[in-house]
Structures are given as structure tokens and as C-alpha cells.
Amino acid sequence: ILHKKSPYHYRAWMELANDLPNLIESRKLRDLVHKVRMSKELRLAHLALGFITMGYVWQEGQHAPAKILPRALAVPYWVVSRRLGLPAVLTYADSVLSNWKLRDPSKNMDLVISLPGGGSCRGFFLVSLLVEMAASSGIKVGIVSCSSQLVMLIVTACAAILRKLTVCGLYYFRWRDNPMLPEGLVYEGVSNEPVLLSGGSAAQSTAIQCFDALLGIQHDNESGAFLTRMRDYMPPAHRQLIETLSDCPSLRDFILSCANPDLKQAFNDCVLALEDLRTYHVSAVTKYIVVPANRAQETGHSDRGAGDKLDATGTGGSSLLVFLKSVRDTTRKVLI
């Protein structure tokens with residue numbers, strides 16, 4: 001039924017449909033169709049389908065995951081993902097960047113969509129958002145004139161990470177490098193062969209990878225390859241921003257050529273602040289993920305099987321502590 005009270009996500013279509021006689025007779029319909037932008041609606045669809053997919057696959061815990069995603073989910077999820085330039089899996093851009101709303105006029109935030117885990121789950125996603133809010137502002141800050149501000153923004157991100165209470169641990173967010181789904185997930189109606197996709201990971205944070213590009217931090221071997229692969233899980237515009245910054249002339253080389261002690265100090269302060277952020281990340285992951293996972297494995301009381309493998313790999317499929325320590329140690333190497 002076409003009427004003006006149709007749901008928000010249909011509004012752009014309904015406005016055209018309700019005025020079709022006039023738009024066709026005036027020859028304006030085609031121009032207006034070309035101007036329709038559905039990006040917000042598509043991002044919302046990707047968010048909702050991603051969370052529903054995670055719930056469907058992991059409803060019974062890690063020992064009985066679904067191996068086939070039914071057509072009713074798989075086909076629309078795949079089509080929406082193609083339109084957005086994203087993979088058909090729940091990404092960091094979905095669960096963090098697109099998954100918040102204002103709960104009340106005082107601007108307290110809440111999740112749009114959640115998973116079992118109560119306050120811990122809510123905190124897990126919202127604290128990641130706070131990190132993004134603090135860190136993304138730093139991208140706009142000029143390192144030469146406002147370096148102290150950039151340092152404070154990075155330190156703010158450190159403090160936000162320390163407020164993370166515990167992992168929202170019932171669900172695994174990937175079907176690549178996952179011993180519970182070693183062959184991947186079949187998307188019914190899309191592919192007869194299983195698809196291997198990494199899940200949402202902090203390594204998909206555009207803001208943090210932008211800091212690396214700006215400061216000239218180049219991660220080697222497996223860590224560097226993993227971070228580069230995680231860009232495939234970012235929105236295309238975010239991916240392009242990192243690549244643009246990476247292609248710019250080296251800030252570090254410029255500062256070295258200037259032989260200016262103030263510039264050198266400003267640069268080093270930023271590098272050390274980013275190193276501190278990554279050190280805090282190692283501490284938080286050890287305390288709230290690795291230790292509880294090991295304890296659950298030792299006692300045999302892991303909740304529905306979740307947590308058995310979290311000490312070994314992160315949600316994106318990386319070797320968790322090895323990866324985090326590697327990127328932290330590489331950060332320090334660019335000090336002048």
C-alpha cells in the first residue's frame with residue numbers, strides 16, 4: 001500500500017510513487033530517480049542483516065554453528081553488500097560506526113542493535129565508538145601547529161579503551177581462520193561453495209590506520225598484511241582516505257630535513273602517544289579477554305562454549321596478542 005506513512009527507509013521511493021502522474025507528464029521522473037541517495041538506508045540494512053546473520057549462525061554456540069545461511073538472509077545481504085562495496089559479514093563499520101543512537105536529550109548514547117551480553121555487550125561496542133570519536137578528531141589536527149592537541153586526543157582514546165569491561169563473548173564474528181567453521185559459510189542462492197570472510201575487528205578502524213599513514217608507520221610481515229587486508233572491510237571512502245595519506249610525501253622525512261627541534265619533539269610526542277594507546281590495548285585485551293578465556297577453558301565453564309579460542313585469535317582472525325604487540329613495537333621504530 002502506497003501512502004505517506006510508509007516506513008522511513010521507503011520514503012524516497014514513496015515520495016516519487018505518490019507523485020508519479022505529475023512527474024511522468026512533466027518529464028522530471030528520470031532526473032529525480034538519478035538523484036535518489038539510499039546510502040543511509042543501505043547502511044542500516046547492512047547493519048541489521050549483519051547482526052541477524054551473526055545470531056543465526058551462532059545461536060547454538062561455537063560447537064554447533066550453522067553452515068548454510070538461508071536464502072532469505074543470504075541474497076539481500078549479498079546484494080546490499082555489493083552496493084556498499086562491503087563484504088557480506090558484520091564489520092567494524094557496522095557494529096561500531098553505524099550502530100549508535102542518542103538515547104535521550106542529554107546525548108547519552110545507546111546501541112541500535114545488540115547481542116546477548118547485556119551491559120558488557122553494550123559497553124564493548126560503545127567504548128569502541130568513544131575511541132573512534134576521540135581518535136577521528138585527531139585526523140583533522142595539524143601535527144605541526146597543534147601536536148599537543150593530537151597527543152591528548154590519542155591519550156583520550158587510551159582512557160576509553162581502559163573502560164572496556166569485557167568482550168561480548170557469545171559470538172564469533174568471522175568464518176575465516178575459524179576452527180568452528182573451517183570451510184567457511186555457504187550463502188544460499190549466492191554461491192554453492194563456502195565463503196571465507198573475516199569478522200569485525202579494531203584493525204578495521206580507519207582512524208587508527210590513518211594515524212599510521214600520517215606518521216609513516218609501516219607494519220611488517222604478517223601484521224602489515226593483516227592490516228592491509230582489513231581495509232577491504234572498510235567503507236570504500238575510508239579505504240581511499242588511508243591510501244591517499246599513504247601516498248602523500250613523508251611527514252617524517254620532511255621533519256628530518258628541517259632539523260627543527262620543536263617539530264622533532266612534536267612528531268615524537270605523537271608517536272609515543274600512539275604507542276601508549278597500543279600498550280593500553282594490549283593490557284585491556286589481556287585482562288578482559290585472554291585471562292577470562294583461559295580461565296573458562298581451564299574450568300570447563302565457558303558460556304555455551306564461547307571463549308575457548310579467544311586467547312588464540314581475535315574477531316578478525318589475527319593471532320591476538322602477537323599481533324597487538326607487533327604493531328605496538330613497530331610504532332616506536334619511527335621515533336626520530
May I ask you to decide if [Y]'s main-chain N or O and [X]'s side chain share a donor-acceptor pair within less than 3.5 Å?
| X | Y | result |
| --- | --- | --- |
| Q204 | G199 | yes |
| Y233 | S198 | yes |
| R328 | T279 | no |
| S326 | V322 | no |
| N99 | L111 | no |
| R239 | R231 | yes |
| Y187 | A88 | yes |

*Taking the six-membered ring for Trp, are F125 and F51 parallel (under 30°), tilted (30 to 60°) or perpendicular (over 60°)?*
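Rings of F125 and F51: perpendicular, as their planes differ by over 60°.
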Determine whether [X] and [Y] fall in the same hydrophobic cluster, where Ile, Leu, Val, Met, Phe, Trp and Tyr are linked whenever their side-chain heavy atoms lie under 4.5 Å apart.
| X | Y | result |
| --- | --- | --- |
| I217 | I242 | no |
| L97 | L126 | yes |
| L256 | F254 | yes |
| L129 | V112 | yes |
| L263 | L335 | yes |

How far does [atom1] of [X] sit from [atom2] of [Y], to the nearest 0.5 angstrom?
| X | Y | atom1 | atom2 | result |
| --- | --- | --- | --- | --- |
| C210 | E243 | SG | CD | 10.5 Å |
| M230 | T206 | CE | OG1 | 12.5 Å |
| R332 | D276 | CZ | CG | 9.0 Å |
| K101 | M109 | NZ | CE | 13.0 Å |
| L47 | I113 | CG | CD1 | 4.0 Å |
| R252 | L214 | CZ | CG | 13.5 Å |

Can you tell me if [atom1] on [X] sees more than 12 non-hydrogen neighbours from other groups inside 6.0 Å?
| X | atom1 | answer |
| --- | --- | --- |
| L20 | CG | yes |
| E222 | CD | no |
| N192 | CG | no |

*Walk me through it: do S223 and T330 pass the test side chain to side chain contact (heavy atoms under 4.5 Å, CB included)?*
CA-CA 10 Å; S223 295; T330 302; over 6 Å; no
Test item: [X] and [Y] side chains (from C-beta on) under 4.5 Å apart, heavy atoms:
| X | Y | value |
| --- | --- | --- |
| P70 | Y56 | yes |
| L324 | R278 | no |
| W58 | M54 | yes |

*Mind running side chain to side chain contact (heavy atoms under 4.5 Å, CB included) on F211 and L277 for me, showing each step along the way?*
CA-CA 12 Å; F211 283 137; L277 169 63; 5.8 Å; no
Of all the heavy-atom pairs spanning [X] and [Y], show the shortest one and how long it is.
| X | Y | answer |
| --- | --- | --- |
| L227 | A203 | CD2-CB, 3.8 Å |
| P87 | S81 | O-OG, 3.5 Å |
| A74 | V190 | O-CG2, 3.9 Å |
| L185 | I68 | CD1-N, 3.9 Å |
| P235 | R43 | CG-NH1, 4.1 Å |
| Y77 | L90 | OH-N, 3.2 Å |

*Residue pairs passing the side-chain hydrogen bond (donor to acceptor under 3.5 Å, both in side chains) test where at least one lies in residues 83-94, sequence neighbours excluded*: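 Residue pairs passing side-chain hydrogen bond (donor to acceptor under 3.5 Å, both in side chains), neighbours aside: H46-D94, T91-D94, Y92-E132.
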_Set out, in order, the CA-CA distance, both residues' side-chain angles and the distance that settles side-chain hydrogen bond (donor to acceptor under 3.5 Å, both in side chains) for T244 and Q240, then state yes or no._
CA-CA 6 Å; T244 299; Q240 183 60 52; 3.2 Å; yes
*Tell me, with the steps shown, if N260 and I255 meet side chain to side chain contact (heavy atoms under 4.5 Å, CB included).*
CA-CA 7 Å; N260 184 310; I255 293 175; over 6 Å; no
*Which is it for V57 and L181 under the side chain to side chain contact (heavy atoms under 4.5 Å, CB included) test, yes or no, and what are the steps along the way?*
CA-CA 10 Å; V57 172; L181 280 173; 4.0 Å; yes
_salt bridge (charged side-chain N to carboxylate O under 4.0 Å, His left out) against D220, all qualifying residues, sequence neighbours excluded_ =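 Per chain and number, D220 pairs via salt bridge (charged side-chain N to carboxylate O under 4.0 Å, His left out) with no residue.
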*Run through D212, T228, T331 and flag the one making a side chain to side chain donor-acceptor pair (under 3.5 Å) with H219.*
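Running side chain to side chain donor-acceptor pair (under 3.5 Å) over D212, T228, T331 with H219 returns exactly one hit, D212.
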_Donor on one side chain, acceptor on other, Q209 and S205, under 3.5 Å_ =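 There is no such pair between these side chains.
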